Each structure stands twice: as C-alpha cells, then as structure tokens.
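To start, the structure itself, in structure tokens.
Computed from a predicted structure; not experimentally measured.
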Amino acid sequence: MIKTRTEIKNFKIWMICLTLFLWALLIAAPFLGLLDDSMLYSAFPFLNFGLIIEGTIAGNELPHFVTDNFSFAVSLACIMVVIALAVLLVYLIVKCVLASQRSKAKKVLRKTGYSAEYFSLLEKKKKHLKGSYLEAVNDLCLAKEYGDGRRYDTALEILRNVDIDKFKVRDAATYYALYAYIFILTGNLENAGFAIDLGVPFAEKTKDKSQMAFVSALLLYAQKDYEGAEKGFKPLVKSHNNEIRVWSGMYLGLIFLRQHKNDNARKTVVALSKFKKTPRQSENILKLLKKIETAYALEEEERREELAASEEASAEGETSDEELSTEEFSSVEEASSGEEPSEEDANPE
C-alpha cells in the first residue's frame, strides 16, 4: 500500500498554504478597513485583553501607532495561533485516518498473509485514489504487493495499464525494475533484459541505483551465471535499501550453497536476522535455513561414509580414493542449489 507520508504530502502543502493565506488576510484586513478593534471586540469580547504598552527604546519613544494598537495586535496574534492550531488538528486527523488504513492492511497481512482480504483492502485504496495524482504511484505499490503474493499475472496487468507519463524519474526506474523482476520470476528472461535496458537510463539519474542493480544480478542468477550474480549481489548486502539488502543476502546464500560453501551460506543468512523483513522474505528465509540444515546433514553423512570407507580399507591393507557416487552428488547439488528465482524470488521495491 502507498506510504502514508506520500499520500499526506500534498495535503500537508495545501494546509500550509491555507494557513499562510488566512494569516495574510487577517493582517491585511485592518489596513484595508475591513476590520478594526471595535468590530473585533463586539464579536469576540473575550479577546479584549486591555493591554497597554508605553516607554522608550534606545531613548526613543514608542510610536503612537504601536502603543494605541498593541492590544488589538495581540488579539490578532491570538486569532492567528487559533487558526494554525485548527489547521494542524485537521491535518493530524486526516493523517491518523490514512495511517490507520495502512496499519489495518499491515495487520491483515501479518495474520492472513497475501490473502483475498489483504488484496481487497489494497483494491479499495486503488479505487479511492483513481483519477488523483497519486494513482500511478499507488498502482506501482499495488503491483509490487501482487508480485510478493505470487499473483504475477495481476501484477503484470497493473503495470501494463499504468500511466508512466505521471511518473517522476525515481518512480520510472522502480517501474522498469519491477517489470524486469516479475519477468524473471515468470521465466521471461528476454523481456526482463529488455525492461532493464529501458530502466537503466532512469536509474542512472537517481541517487539509489540498488533496485536496477539487484534485478540485473537476479537476471544473471536466472541465466545460471552464478559467478556474475555473486559479484552483483555482494555490494547490495550493504545497500541502504533494507529490502534489497535482505534479498541480495538470501541469493548470496543460495549461491554459496551451490558452491558447497555451507559455512558462508549460514553466516550470510544469520546476518540477515537483524534486518526488518517483509512477510515474503521471512517465509523464504525459513526455506533457505532448511536448505542449509539439509546441506550440513548431507555433508556430515558424506564425512562419516568416507571415514568408514577409510577404516575398512585400512583394515584390509588397501587404499581407497572413494568418491561420492553420481546419485549422492546429485542429491547434494539439489539440496544446495536452492530454488529457481520463481520460487526464491526477490522484490525490487
């Protein structure tokens, strides 16, 4: 769901402009003859504080304009404060309403996962923002959530219908990265490469290039170029984008398992525990931990078999260079390889 601070940003600007306009109108009214102290105090007698100011400043007497209108000016200042507080109250109420909608969606996601109930809340938000300046950005967030929920067809349909002309440069980079990501997960590697090529020029203009760097590394992984993918993922585990950092670490763990570097895989995944994760990431980390556990178990079984074979050969006075059979090696490779990107995927948002 679109972030509250993004949705409230434009409303906040309008509230600030409204406050400044009302202040300016209030200050200008006495000079335009639209308001004086008698008019004000007859309508709001409690604002007549009867304050008097007199004396000198640096040896100069205060102007009569200041001394005669001091109490009136204080009254106007009080009204300005009330206006500011009223506008602030309205802003906070709207912000709380929007935050509660987002909080409710997050709560449903934690309880039910990527369920029909969760997506119904997102669709309700989509209808509410239809036609607004936030529609395109919200659709981008919605496509991401459908991708996380493995509803790739729906995610692609949303992306196809988004009005990209309404995107800022950063949103355009995210759009193409998300497009490439979903293409990779669905096995459409050719179109994924095409989407990356279209998105790179936008990503180059943004401060955070981690999204495009991630899907580029993910494409290498899908193409079974594990060495290239490893080089791409390693810098991203230090990214300021926490979600990208976690996904990159998980894919590095899968690559280490393929290379039979179980200790490296375990250390990498354990390091991810301190970072906040999406429900999809938490689910996949559990799967990855099970793979690592299985890899360690197979490694220990191989070690025991080799030790037993060595003892047997020693007892018979023979030497043996026994290696894993083809079937055993295949089982290790299968347990260490991890799933294809369509199962252990990553999210560029």
Residues, nucleotides or ligands: over 12 heavy atoms within 6.0 Å of Gln223 CD: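 Result for CD/Gln223: enclosed.
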
Should the heavy atoms of other residues, nucleotides or ligands under 6.0 Å from OH of Tyr133 be counted, would the total exceed 12?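 Check passes, neighbour count above 12.
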
Quick one about Tyr118 and Glu145 (side-chain donor to acceptor, distance below 3.5 Å, no hydrogens or angles considered), yes or no?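 Yes, Tyr118 and Glu145 have a side-chain donor paired with an acceptor closer than 3.5 Å.
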
Under 3.5 Å, is there a donor-acceptor pair linking the side chains of Asn188 and Thr186?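 Checked: Asn188/Thr186 side chains show no N/O donor-acceptor pair below 3.5 Å.
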
With a 4.0 Å cut-off, would you call Glu230 and Lys234 a salt bridge?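 Between Lys234 and Glu230 there is a salt bridge, with a charged N closer than 4.0 Å to a carboxylate O.
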
Start with the C-alpha gap between Lys144 and Asp148, add the side-chain angles, then the distance that decides, and say whether salt bridge (charged side-chain N to carboxylate O under 4.0 Å, His left out) holds. CA-CA 6 Å; Lys144 171 191 177 295; Asp148 276 353; 3.2 Å; yes

Can you list, by chain and residue number, the hydrophobic cluster partners of Leu34 when the side-chain cut-off is 4.5 Å?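 Leu32, which link up through side-chain heavy atoms under 4.5 Å apart, make up the rest of the cluster.
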
Whether [X] side chain and [Y] backbone form a donor-acceptor pair below 3.5 Å:
X      : Y      : result
Glu135 : Gly131 : yes
Tyr175 : Leu159 : yes
Lys209 : Thr206 : yes
Ser248 : Arg245 : no
Ser239 : Pro235 : no
Ser120 : Glu117 : yes

Which heavy atom of [X] sits nearest a heavy atom of [Y], and at what distance?
X      : Y      : result
Asn284 : Met250 : CB-CE, 3.2 Å
Thr268 : Gly253 : CG2-N, 4.3 Å
Ala229 : Ile255 : CB-CD1, 3.9 Å
Gly199 : Tyr176 : CA-CB, 3.6 Å
Lys166 : Ala136 : CB-CB, 4.0 Å
Leu140 : Asp171 : CD2-O, 3.7 Å

Could you pull out all residues at least two apart from Lys231 that satisfy salt bridge (charged side-chain N to carboxylate O under 4.0 Å, His left out)?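 Lys231: salt bridge (charged side-chain N to carboxylate O under 4.0 Å, His left out) contacts with Glu227.
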
Taking only residues two or more places apart in sequence or in another chain, which ones pass salt bridge (charged side-chain N to carboxylate O under 4.0 Å, His left out) with Arg303?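 Partners of Arg303 under the salt bridge (charged side-chain N to carboxylate O under 4.0 Å, His left out) test: Glu300.
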
Worked check of side-chain contact (heavy atoms from CB on, under 4.5 Å) between Val246 and Ile285: CA-CA 9 Å; Val246 172; Ile285 280 183; 4.3 Å; yes

Qualifying side-chain hydrogen bond (donor to acceptor under 3.5 Å, both in side chains) pairs, either residue in residues 29-51, two or more places apart: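 Checked against side-chain hydrogen bond (donor to acceptor under 3.5 Å, both in side chains) - neighbours excluded - the pairs reaching residues 29-51 are Asp36-Ser38, Tyr41-Ser75.
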
Hydrophobic cluster identity match, [X] and [Y], side-chain contacts under 4.5 Å:
X      : Y      : value
Leu134 : Val97  : no
Leu236 : Leu220 : no
Ile16  : Tyr91  : yes
Leu47  : Leu85  : no
Ile164 : Tyr179 : yes

Would you check if [X] and [Y] make a side-chain contact, meaning some heavy-atom pair closer than 4.5 Å?
X      : Y      : answer
Val137 : Leu129 : no
Leu26  : Leu22  : no
Leu20  : Trp23  : yes
Phe70  : Val74  : yes
Tyr296 : Arg266 : yes

If we check ring pair (Phe, Tyr, Trp, His ring centres under 6.0 Å) with Tyr221, which of these qualifies: Tyr226, Trp247, Phe214?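 When ring pair (Phe, Tyr, Trp, His ring centres under 6.0 Å) is applied between Tyr221 and each of Tyr226, Trp247, Phe214, only Tyr226 qualifies.
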
Can you list the steps and then say if Leu109 with Tyr114 is a side-chain contact (heavy atoms from CB on, under 4.5 Å)? CA-CA 6 Å; Leu109 179 59; Tyr114 296 96; 3.8 Å; yes

Non-neighbouring partners of Phe119 that pass ring pair (Phe, Tyr, Trp, His ring centres under 6.0 Å), sequence neighbours left out: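 Per chain and number, Phe119 pairs via ring pair (Phe, Tyr, Trp, His ring centres under 6.0 Å) with Tyr146.
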
Checking salt bridge (charged side-chain N to carboxylate O under 4.0 Å, His left out) for the pair Glu283/Lys287: CA distance, chi angles, key distance, verdict? CA-CA 7 Å; Glu283 175 188 335; Lys287 293 180 181 179; 3.6 Å; yes

For residues 1-13, which side-chain N or O atoms pair as donor and acceptor with protein atoms under 3.5 Å away, sequence neighbours left out?
{"unit_1": "Glu7", "atom_1": "OE1", "unit_2": "Lys125", "atom_2": "NZ", "d": "3.1"}
{"unit_1": "Glu7", "atom_1": "OE2", "unit_2": "Lys125", "atom_2": "NZ", "d": "3.0"}

What's the verdict on side-chain contact (heavy atoms from CB on, under 4.5 Å) for Val162 and Phe167, showing C-alpha distance, side-chain angles and the deciding distance? CA-CA 9 Å; Val162 169; Phe167 283 148; 3.2 Å; yes

Rounded to the nearest 0.5 Å, how far apart are CG of Leu219 and CD1 of Ile196?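 Leu219 CG to Ile196 CD1: 4.5 Å, rounded to 0.5 Å.
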
Would you mind telling me which of Gln281, Gln211, Lys277, Arg280 makes a side-chain contact (heavy atoms from CB on, under 4.5 Å) with Glu243?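 Only match with Glu243 under side-chain contact (heavy atoms from CB on, under 4.5 Å): Gln281.
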
Quick one: sort the Phe46 and Phe44 rings into parallel, tilted or perpendicular, breaks at 30° and 60°.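 The rings of Phe46 and Phe44 stand perpendicular, inter-plane angle above 60°.
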
Between His240 and Asp208, is a side-chain contact (heavy atoms from CB on, under 4.5 Å) present by the stated rule, with each step listed? CA-CA 8 Å; His240 294 296; Asp208 183 7; 5.9 Å; no

